[in-house]
Amino acid sequence: MRERTPWYRRVNWWELIAGIVMIALGVASLARPSLAVTGLVYAYGAAGVIVGVADILRYIRVERYTGFGPMVSLVAGVLSVMAGVVILVNPRVGMAVFSLLFALWFITHCISRLASLSWLRFVAGRGAYYAAVVLNLIGLVLGVLLVVLPTASLLALGYLAGVYLIVLGVESLVMAFVAL
């Protein structure tokens with residue numbers, strides 16, 4: 001008879017800890033959505049600086065080669081570092097950019113879905129077609145409202161980040177115990 005290992009040895013502890021941390025961050029984001037957006041802005045500012053430095057280093061490594069590519073790396077690197085520093089020094093700029101990009105993404109996503117409705121009607125039927133029309137028209141109106149009211153966009157981003165973190169956290173918790 002084969003001896004079974006105890007449950008605590010079969011748990012993926014890193015996955016379990018990551019799940020708990022993500023759920024805690026998600027709850028904190030839902031409690032204070034503006035704090036979540038501020039954290040995202042700082043993370044993107046830091047990422048902009050890091051990516052920019054990497055692009056500049058890439059230019060330095062390949063500058064001896066001819067062509068347009070190395071110069072693009074230099075320009076992109078300088079712009080990325082500049083944008084990252086601006087966001088880190090003045091996070092309100094990053095928040096304004098986030099709110100506008102989120103609203104534009106919302107609008108373009110809904111337009112894209114509305115453009116493919118004929119396919120949906122063919123595949124899923126009239127009920128799904130009409131539901132998609134209504135939902136995407138509502139989404140389009142919400143997207144326009146987010147452009148007009150950027151503060152609402154920032155709050156929506158914070159809430160979406162919170163919900164997404166909780167979903168990812170629950171997924172991690174499930175994955176931690178899958179091996180049981």
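Only heavy atoms go into these numbers, but all of them, side chains included; no hydrogens, no water, no symmetry mates. Just so it is clear, the structure is predicted and the values come from calculations on it, not from any experiment.
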How long is the span from the NE2 atom in H109 to the CD1 atom in I111, to the nearest 0.5 Å?
-> 11.5 Å
From L160 atom CG to L165 atom CG, the distance as rounded to the nearest 0.5 Å | 11.0 Å
Looking only at heavy atoms, which two atoms of [X] and [Y] are closest? And how far apart?
{"X": "L114", "Y": "L140", "result": "CD1-CD2, 4.2 Å"}
{"X": "V81", "Y": "V49", "result": "CG2-O, 3.8 Å"}
{"X": "G94", "Y": "I87", "result": "CA-CG1, 4.1 Å"}
{"X": "D55", "Y": "A76", "result": "OD2-CB, 3.9 Å"}

Quick one: do [X] and [Y] end up in the same hydrophobic cluster if we chain Ile, Leu, Val, Met, Phe, Trp and Tyr together by side-chain heavy atoms under 4.5 Å apart?
{"X": "L135", "Y": "Y129", "answer": "no"}
{"X": "I60", "Y": "M82", "answer": "yes"}
{"X": "Y164", "Y": "I166", "answer": "no"}
{"X": "V78", "Y": "L88", "answer": "yes"}
{"X": "V89", "Y": "V51", "answer": "no"}

Can you give the donor-acceptor pairs under 3.5 Å from side chains of residues 11-40 to other protein atoms, not counting sequence neighbours?
| from | atom 1 | to | atom 2 | distance (Å) |
| --- | --- | --- | --- | --- |
| N12 | OD1 | W14 | N | 3.3 |
| N12 | OD1 | E15 | N | 3.2 |
| W13 | NE1 | Y8 | O | 2.8 |
| E15 | OE2 | S172 | OG | 3.1 |
| S29 | OG | L25 | O | 2.9 |
| T38 | OG1 | S34 | O | 2.9 |

